[in-house]
Amino acid sequence: MDFSNLNDYDRKQMEHLIEEKQMKDFMRMYSNLVDRCFDNCVNDFSTKTVTSKENACVNRCVEKFMKLSERASARFAGKYFQNINIIKK
Amino acid sequence: MDFSNLNDYDRKQMEHLIEEKQMKDFMRMYSNLVDRCFDNCVNDFSTKTVTSKENACVNRCVEKFMKLSERASARFAGKYFQNINIIKK
Amino acid sequence: MDFSNLNDYDRKQMEHLIEEKQMKDFMRMYSNLVDRCFDNCVNDFSTKTVTSKENACVNRCVEKFMKLSERASARFAGKYFQNINIIKK
Amino acid sequence: MNFVRNQMPPPSAPRGQSQQPSVNIQMAEQELDMITTLFNNILDSCHKKCIQPNYSEGDLNKGEQVCIDRCIAKYFDVNTKVGLQLQKMEKVTTRK
Amino acid sequence: MNFVRNQMPPPSAPRGQSQQPSVNIQMAEQELDMITTLFNNILDSCHKKCIQPNYSEGDLNKGEQVCIDRCIAKYFDVNTKVGLQLQKMEKVTTRK
Amino acid sequence: MNFVRNQMPPPSAPRGQSQQPSVNIQMAEQELDMITTLFNNILDSCHKKCIQPNYSEGDLNKGEQVCIDRCIAKYFDVNTKVGLQLQKMEKVTTRK
């Protein structure tokens, strides 16, 4: 993504767009994470309170996902550089 | 969601935005409902006509979902008020 | 979708909108196809290279989906004409 | 989604005929989105119902072709029926 | 999503009070999207957890009603807990 | 999605070089969306393939780490191969 051919006006607009998209992406990630951890961890509906067992599971689920995201970020950037030439015809 | 600090122009814009989002959300709900009820109820591909059994299933599927949505709406509003203080730091 | 009541300005805008949506829809289809074929075909993580078996599976997966899409396009247009009167009250 | 350009559905009078460009565009856009969503959902559902995920070959075999045709017809009908049912429920509860 | 219009949550002071219309609209829109997404996810998850897909009848039976109420309460709590955990992790890694 | 800011990919000449701001922005936005979607799909798929949903602990164990690395590499390759296959099919059917 080469931004050097964008004039100053475009660059500002692009920066604002990236900020907006990062916010939206964070919200999406948050919603999906809640959904994932709820689906996997919460199965006891004999009570309306989250049990300590379910709580611990959710905790580990969130931590595990964020660690996955961290690792994937690093590997992804590496792979992106490798592949950029193949994808562009 | 406090709209009292929005001026008249913003308020009109926000009302229009809510209308547009409600329309989009209804369309989304409709598409998802068709998908859900089709996936769960229609499994007989020995014919291209929806059987009466499948028809009845779809009927109940739609009714069940709308009743769920109705109940969830009520509970959701209640829980939202309860939690609004915890989420806001 | 009757465009005959749109003036020239609207018609241009609509054409541009359709182009933009077709591009977005192609990107969405591409992402979903990669996801589907990866999920179904790639299961051997004893190596970081895609095996020839997995490769062949992905190939057939893509071909199968595009053929489905082709056939569905034809049937869909037909059914759309049939149903257009029932849906419009 | 080429069928949109190549095979235009029969004319349909838009509600609330108005000369304002944005309203016509908005309605046309909404209809386009509905059609696209419906088509993509049909692809997904009928792939799930009719195609084995082992992909023994790239072509659609005869069984898959028949299944797909019937699946599409049925999906359309369910789409219509659900729409009519929702309309009926709206009138009963006047929730709009 | 009628609860948005009918039951407004208690007032909450927006951060960075500003007279620029677009910022206020943007924040209000973001909050609206969060609420809508949360509600729709609750519908999906609680349907999955509480409702049998054989649809023996159209009404919700007593068991389903109780399950749904508890499911919604639990989903809300998990939503809050995950939010707080992410905040704590942010402060630790200052990744923002 | 911080990698977007911190690690810019090598420069790529946009097609149809034009001085119109909106075209450059549009293309940059499209590329950004593609990257974001690809990343999020990788997270989803590799979570499904490599992580047991019982969450016995919060850390990634060695086996999961290795699986994840290989999963990401493979996903990227499949992403490329599918892209090339679609291009080849386009030329054959000239459907565009």
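Every value quoted in this text rests on a predicted model; they were computed, and no experiment measured them. Labels below follow one simple rule: chain letters A, B, ... track the order of the sequence lines, proteins then strands, and each chain is numbered from 1.
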Heavy-atom contact with chain C under 4.5 Å, split by part of D/Leu60: both
With a 4.5 Å heavy-atom cut-off, do [X] and [Y] have their side chains touching?
X: D/Asn40; Y: C/Asp25; answer: yes
X: C/Lys67; Y: D/Glu64; answer: no
X: C/Met29; Y: D/Leu43; answer: no
X: D/Ile72; Y: C/Arg71; answer: no
X: C/Arg36; Y: D/Asp44; answer: yes
X: C/Lys64; Y: D/Glu57; answer: yes
X: D/Leu38; Y: C/Tyr80; answer: no
X: C/Lys21; Y: D/Asp33; answer: yes

Once you round to the nearest 0.5 Å, how far does [atom1] of [X] lie from [atom2] of [Y]?
X: C/Glu20; Y: D/Glu29; atom1: CD; atom2: CD; result: 8.5 Å
X: D/Asp69; Y: C/Lys79; atom1: CG; atom2: NZ; result: 11.5 Å
X: D/His47; Y: C/Cys61; atom1: NE2; atom2: SG; result: 5.5 Å
X: C/Asn40; Y: D/Asn54; atom1: CG; atom2: CG; result: 9.5 Å

Residue selection (most heavy-atom pairs with chain C, distance under 4.5 Å) from D/Ala73, D/Gly58, D/Cys46: D/Gly58
D/Asp59 with C/Arg60: basic N within carboxylate O range, under 4.0 Å: no
Side chain, backbone, both or neither of C/Cys37 within contact of chain D (heavy atoms, under 4.5 Å): neither
Part of C/Leu68 lying under 4.5 Å from any heavy atom of chain D: both
Geometric class of the C/Phe76/D/Phe39 ring pair [parallel <30°, tilted 30-60°, perpendicular >60°]: perpendicular
Where D/Asn24 and C/Asp10 come nearest, the two heavy atoms and their spacing: CB-OD2, 4.2 Å
Contacts of D/Thr37 that satisfy side chain to side chain contact (heavy atoms under 4.5 Å, CB included) - sequence neighbours left out: B/Ser31, D/Asn41
Residue-level contacts of residues 42-59 of chain C with chain D, using a heavy-atom cutoff under 4.5 Å: C/Cys57
